[in-house]
Structure formats: structure tokens, C-alpha cells
Visitor: 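I have a structure I would like to understand better, so I am pasting it below and will then ask my questions one at a time.
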Amino acid sequence: MTPVQPVRGTQSLLGEDADRLATVVAAFDRVRRLYGFKRVEVPTIEHTAVFARTIGETTDVVSKEMYTFDDRGGESITLRPELTAGICRAYLSEGWQQYAPLKVAAAGSAFRYERPQKGRFREFHQLDAEIIGAAEPQADVELLAFADQLLKELGIEGTILKLNTLGDPETRSAWRDALHEHFRGHAPALSEDSKNRLERNPLRILDSKAHQDWPVVDSAPTIDEFLTSEAADFFGKVTTGLDAAGIKWERAPRLVRGLDYYRHTAFEFITDRLGAQGTVLGGGRYDGLVESIGGPHTPAVGWAAGIERLAMMIGAPGPEVPVVVIVPLGEGANAAAQRLLADVRRNGIAADMAYRGNMKKRLSRANDAGASYALILGDVELESGEAQLKNLATGEQRSVAFDRIVETLRS
RNA sequence: GCGAUCGUAGCUCAGCUGGUUAGAGCAUCGGUUUGUGGUACCGAGGGUCGGGGGUUCAAGUCCCCUCGAUCGCCCCA
């Protein structure tokens, strides 16, 4: 392994590829303002317990994917594998409880030690939206509307909102027990993967990709049989709210989420365009999370989206193209060229300067940059006070007085 | 962590069953044209063939290990 090799699963992006990520974040920031979500910044590192307790000790994320290390003071520190837990920690430690219900949005990198593949990296970037301290179904609806509008503003077609409820804690544990019993009864018929899931996380067998699991899954008890009337009522309010807001959704009774903190509403926006990484945005209600790190009972909902995954689905942002490239000729022209360049740029016109090679090279650079005009500035022009403005598309060229260049380029 | 495919120049790739100094296109740089781009022509630089070991008279080509990439499983955004 040579020193110039990047760390596995990290990315170094140039030009359009980097612009794509920036475009996604810019759209997120625009929509987030429309919905009244405050921007927050939280640390990249937290005490390990922040993630271990909230996400769940037995989940894969915590048990084998976190970047955890002891710092020089001997404290166990973890690079965040997601943004939600850190935001909730800040909600408690920074006194943000006074703003409840608090709507916040964040964007940043997260880290998981996984095998990289399409749309999956070890250092990746997430968009995150949370409403903390709101038990009302209106919060779920608002959050989903935000997600829906973001995808539309990004011009992403063909995602489907899959929606489910995991019920309240009683519902969830009753359902879980029933599933456990059902699957254990049919254990011999299950795939190896699902046999392993049996004790660890029976809910996950529901969305197994192994065909041999299908029949057993189909005959499994559904959440609806266990919903308490409160839980059913809550879910009903969420769905009628979505319908009222004109947000299309599909019921996915077998949708479960991997992290332990989810309750009630659970959802994913999925696509078939990203291979195995079909979930582009996902989240749900996590009423128990804040309590799990020592805070008061605090109802909350949120979602996270993969910036890279969204970036792969948007149209290519155009490159930045200068309107004009200044071509100085000879030492004497450099100062005047710098002055003109600064002047043009300060007037909001994208401009560049070709300062290497002979004139042929310099014009060639102007052409390659995609400029509309080249502005030629040599001894002759310095004396006359008029530069040569060449239209690179038509080839036509004319003299323009130095002090009329900005005006001419604008027209 | 498991499986499959792959790794030759900055990029995209060629290199037949192992056989002389490893090739092309694009890109870069120089020239034809030292004040006129887009097209054309000529030329140059750039490679420990991912890395290590082995088989062989001979390895880019075969075998093993390793690192990496891609896709899938697991899991998740």
C-alpha cells in the first residue's frame, strides 16, 4: 500500500462530481428554509455511548461498523455513523429543550466501516431533518412533506414513499414476540441469513431477499393485528394528513427499520435506479431516543438522506464557463489585463485570463474554457485604449474602448 | 464478514494458445504558424504491466498470497 493510496471507501471529487454534492446540499438548504427548519452543526465525534445506547448495541451499525477509538485521554470516542444521535445529545446538553418543538436540519459526513459498493462509502454524507419534542402526527406529515418537496426540487423521478407503522412500545414488543414465535416454528424452512436473524432481530426477516423465505414471511402475523387503538389512530392521522397535503405514499406493512430507536411511523423513499442501495431517504419516529441517553421523555421524528445517492440521481450541473477570457500579449499588457479582469469580475461577469504560451495557445485556452469572447490586449491596444473583443463563436472581432468593455459584455 | 468479476500511460482500452527494446486513441507539452482559437499535419514526454512470491531458458500473459476497484449478500443513507 503506497502512501498516495486513498483510504478505502473515501472519495476525492473534482468538478462536476463535487458540484453534484453541492447542488444537493443547496437544494436542501433552500427547502429547509421554506419549512422553517433551523440549521444546526453538531460534532463529527461523540462519546461512544451516544451512538451505542441510541442506535442499539446489537445492531450491525454499532457492533461492527463504527469507527471507535480511545483518544489520548483514554476516552472512547466514535466518528458519527449518522447525525440523529448527536443532534439529540446537543438538544440535551446545549439547552435546546427550551425551543421545543424544535425543527432542525443538518448536513455533513458520517462514517461506517462497510464494504464499499454502488452508492455506499465508508465516509459518506447525509442530509438530516428532525422535529424534536413534538408528539403530534402533524410533525410526521410536515417532515414527509419536506422530504417529498426536496426530491421534487432536485428533479428526482421515480422514487416511491413506502410507509409503515411500528406501533407504540406495547405494539412493537407484542408483534415482535409473535413474529419470533412464528419464525421459530418455521425455522427449518428459513435461509441461513434469516436463521441468524431469528434471535438477533426477527423483524428483519420480513424484508429478506431470499426467495425461500417468501412463504414463511407471507404467512407471518402483520403489525395491524397488534396495533393498539392509540397506535392505529396515530397512524391514521399521519396518512390522512399526507393525503390532504397531496403526498403520494404506499403502505408497506413489512417495512421495518434497522435501528432500534424507531417507533410508530417508519418510512423510506426508495428507487430501483441504485442497485442494492434502493433507499435514498429514510426515517421515522423515535420517541424513546432522548430518554435512552438520559434525557426526559421526548417524542421526536426525523429522517436522513444519502447525499451521494441523491447526487447520482440528479441531472448534471453545468460547468462554470467564463463569459470572457482576457488575452494579454507581452509584459507591458499584464497590468492593464489584471485591472480589466478585476473590473469585469467585480461587475458580476465570469472572466478568466490566459497568461501562458503564445497567442495561439492563449486563444486556444479561451476556446477550451468555453468562453463566449476573448479580449485581446497588446501593445497596439494599450496605445489606442481599445482592446480587441473577439466573438469566439462567429470569429468576428472589433475594437472596444477599455471603459466600455463591461457595458459591451452585458449587452 | 461472505461471494463473483476485474486491476497494462493522467483517462478509455489493445496485447492471439507465455517468446526480441509493452502499443493505440484521448489528454498534456513542443512544432508547422514568436498578434488570432475551433479543423489538419509532424514530433516529444509519460508505464517498477496494483504489490510480493513462485513455476519456466523466458511471465503483462500461468499458480499462490496480498492490496484495491466494481457488483451482489449482510446491513444501511
Side-chain angles (χ1 to χ4, degrees), chain A residues 1-2 4-11 14 24 55-56 58-66 80-84 107-129 147 191-194 196-197 200-201 204-205 207-210 256-259 268-271 274-283 302-313 325 327-330 333 354 356-381 387-397:
Chain A
M1 207 185 316
T2 69
V4 295
Q5 208 157 31
V7 172
R8 189 166 198 199
T10 61
Q11 327 173 69
L14 173 69
V24 170
I55 296 171
T58 63
T59 61
D60 280 18
V61 170
V62 170
S63 64
K64 51 189 212 197
E65 295 175 1
M66 293 204 307
R80 63 185 179 195
E82 52 128 55
L83 305 189
T84 304
S109 53
F111 305 82
R112 289 182 199 174
Y113 189 83
E114 295 185 279
R115 271 302 267 282
Q117 51 184 271
K118 191 189 193 77
R120 176 202 281 186
F121 306 91
R122 287 185 173 180
E123 178 182 8
F124 61 106
H125 299 83
Q126 282 193 335
L127 263 24
D128 187 276
S191 64
E192 278 310 305
D193 279 336
S194 289
N196 290 331
R197 284 185 276 235
R200 205 162 37 90
N201 197 350
R204 290 236 67 107
I205 298 176
D207 53 19
S208 166
K209 288 174 185 168
V256 294
R257 308 232 70 226
L259 312 184
E268 292 180 357
F269 283 83
I270 62 163
T271 176
L274 295 179
Q277 275 61 244
T279 301
V280 116
L281 184 154
W303 54 250
I307 295 179
E308 285 85 357
R309 291 182 188 181
L310 293 173
M312 284 188 274
M313 299 182 71
V325 170
V327 177
L329 294 170
R356 176 181 296 181
N358 57 26
M359 187 178 198
K360 177 184 161 66
K361 284 289 172 220
R362 296 179 189 214
L363 276 178
S364 174
R365 273 190 190 284
N367 194 62
D368 292 346
S372 305
Y373 297 95
L375 189 75
I376 300 158
L377 202 55
D379 294 339
V380 185
E381 288 75 20
Q388 290 294 314
L389 185 66
K390 181 178 182 112
N391 182 320
L392 290 170
T394 64
E396 104 187 76
Q397 186 170 317

Visitor: Mind checking the P distance from B/C6 to B/G10? Whole angstroms is fine.
Guide: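 After rounding to an integer number of Å, I get 23 Å for this pair.
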
Visitor: With the side chain of A/Gln117 defined as its heavy atoms from C-beta on, choose the nearest nucleotide among B/C73, B/A77, B/C2.
Guide: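 When the side chain of A/Gln117 is considered, B/C73 is the closest of B/C73, B/A77, B/C2.
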
Visitor: Could you check how far NZ of A/Lys209 sits from P of B/G72, rounded to whole Å?
Guide: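 Roughly 8 Å, once rounded to whole Å.
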
Visitor: Walk me through it: do A/Phe124 and A/Arg112 pass the test side chain to side chain contact (heavy atoms under 4.5 Å, CB included)?
Guide: CA-CA 8 Å; A/Phe124 61 106; A/Arg112 289 182 199 174; 3.8 Å; yes

Visitor: Over all strands shown, is A/Ala366 touching base, sugar-phosphate only, or nothing at heavy-atom distances under 4.0 angstrom?
Guide: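 Since no nucleic acid heavy atom lies under 4.0 Å of A/Ala366, the category is nothing.
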
Visitor: Look at all strands and tell whether A/Gly119 reaches a base, only sugar-phosphate, or nothing, counting heavy atoms closer than 4.0 Å.
Guide: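 A/Gly119: base contact, heavy atoms under 4.0 Å.
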
Visitor: Taking the C1' atom in each of B/G43 and B/C57, what is the distance between them to the nearest angstrom?
Guide: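 Between the two C1' atoms, the distance is 39 Å.
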
Visitor: When you measure from the side-chain N and O atoms of A/Lys64 to the phosphate of B/C75, is any distance below 4.0 Å, counting only OP1 and OP2?
Guide: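 It does not, given that no N or O in the side chain of A/Lys64 lies less than 4.0 Å from OP1 or OP2 of B/C75.
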
Visitor: Pairing check on B/C26: which nucleotide meets the Watson-Crick or G-U wobble criteria with it, both distances under 3.5 Å?
Guide: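 Partner of B/C26: B/G10.
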
Visitor: With hydrogens left out and only the distance checked, is there a donor-acceptor pair under 3.5 Å joining A/Arg112's side chain and the base of B/C75?
Guide: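 Counting by modelled atom types and ignoring angles, no donor-acceptor contact under 3.5 Å is found here.
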
Visitor: For A/Glu268 and B/A77, give me the distance from atom CD to atom C1', rounded to whole Å.
Guide: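 Roughly 10 Å, once rounded to whole Å.
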
Visitor: Given A/Arg204 and A/Ser194, is the side chain to side chain contact (heavy atoms under 4.5 Å, CB included) satisfied, shown in steps?
Guide: CA-CA 8 Å; A/Arg204 290 236 67 107; A/Ser194 289; over 6 Å; no

Visitor: For A/Arg362 and A/Gly357, which heavy atoms make the closest approach, and how far apart are they?
Guide: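 Looking at all heavy atoms of both residues, the shortest contact is NE-O, 2.7 Å.
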
Visitor: For nucleotides B/U8 and B/A4, find the distance between their C1' atoms and express it as a whole number of Å.
Guide: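 To the nearest whole Å, 23 Å.
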
Visitor: Are A/Ile55 and A/Glu82 packed together at the side-chain level, in the sense that at least one heavy-atom pair is separated by less than 4.5 angstrom?
Guide: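 A/Ile55 vs A/Glu82: side chains touch.
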
Visitor: Remember a base hit wins even if backbone is also touched, and classify A/Gly278 as base, sugar-phosphate or nothing at under 4.0 Å, heavy atoms.
Guide: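 Counting heavy atoms under 4.0 Å across all strands, no contact is made by A/Gly278.
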
Visitor: Can you check the A/Phe111 CZ to B/C75 P distance for me, whole Å?
Guide: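 After rounding, the reported distance stands at 24 Å.
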
Visitor: Does a sphere of radius 6.0 Å around CG in A/Asn196 hold more than 12 heavy atoms from other residues, nucleotides or ligands, not counting ones at 6.0 Å or beyond?
Guide: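 Check passes, neighbour count above 12.
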
Visitor: I'd like the P distance from B/A58 over to B/G15, given in whole Å.
Guide: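 It comes out at 26 Å once rounded to the nearest Å.
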
Visitor: Between B/U21 and B/C64, how far is it from one C1' atom to the other, in whole Å?
Guide: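 Those two atoms are separated by 30 Å.
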
Visitor: Whole-Å distance between B/C76 C1' and A/Leu83 CG?
Guide: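 Going from CG in A/Leu83 over to C1' in B/C76 covers 14 Å.
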
Visitor: Measure the distance from CD on A/Glu114 to C1' on B/A77 and round it to the nearest whole Å.
Guide: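 For the pair A/Glu114 CD and B/A77 C1', the rounded distance is 9 Å.
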
Visitor: Tell me what A/Phe121 touches on the nucleic acid: a base, only sugar-phosphate, or nothing, going by heavy atoms under 4.0 Å.
Guide: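 Answer is base: heavy atoms of A/Phe121 come under 4.0 Å of a base.
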
Visitor: Does A/Arg8 reach a base, just sugar-phosphate, or nothing at all? Heavy atoms under 4.0 Å.
Guide: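 Sugar-phosphate, no base atom in range.
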
Visitor: Listed by chain and number, what are the side chain to side chain contact (heavy atoms under 4.5 Å, CB included) partners of A/Glu268, not counting sequence neighbours?
Guide: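 A/Glu268 satisfies side chain to side chain contact (heavy atoms under 4.5 Å, CB included) with A/Leu255, A/Arg257, A/Ile270, A/Thr279 only.
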
Visitor: Please measure how far the C1' atom in B/A27 lies from the corresponding atom in B/G68, and state the result in whole Å.
Guide: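 Each nucleotide's C1' atom is 25 Å from the other's.
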
Visitor: Nearest whole angstrom, please: distance from the C1' of B/C2 to the CD of A/Glu192.
Guide: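 One finds 13 Å between C1' of B/C2 and CD of A/Glu192, rounded.
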
Visitor: Using whole Å, report how far CZ of A/Arg120 lies from P of B/C71.
Guide: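 To the nearest whole Å, that distance equals 11 Å.
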
Visitor: Checking only heavy atoms, does the side chain of A/Arg115 share a donor-acceptor pair with the base of B/G3 at less than 3.5 Å?
Guide: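 Answer is yes: a donor-acceptor pair is held.
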
Visitor: On a whole-Å scale, what distance lies between the P atoms belonging to B/U28 and B/C67?
Guide: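 Their P atoms lie roughly 37 Å apart.
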
Visitor: Within this structure, what is the CZ-CZ distance for the pair A/Arg365 and A/Arg356, rounded to the nearest 0.5 Å?
Guide: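 With rounding to 0.5 Å, CZ (A/Arg365) is 6.0 Å from CZ (A/Arg356).
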
Visitor: Over how many whole Å does the gap from A/Gln11 atom CD to B/A69 atom C1' extend?
Guide: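 Going from CD in A/Gln11 over to C1' in B/A69 covers 14 Å.
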
Visitor: Using a 4.0 Å heavy-atom cut-off to protein, can you give one letter per nucleotide of nucleotides 29-39 of chain B, 5' to 3': B if the base is in contact, S if only the sugar-phosphate is, - if neither?
Guide: SS-BB-BBBB-

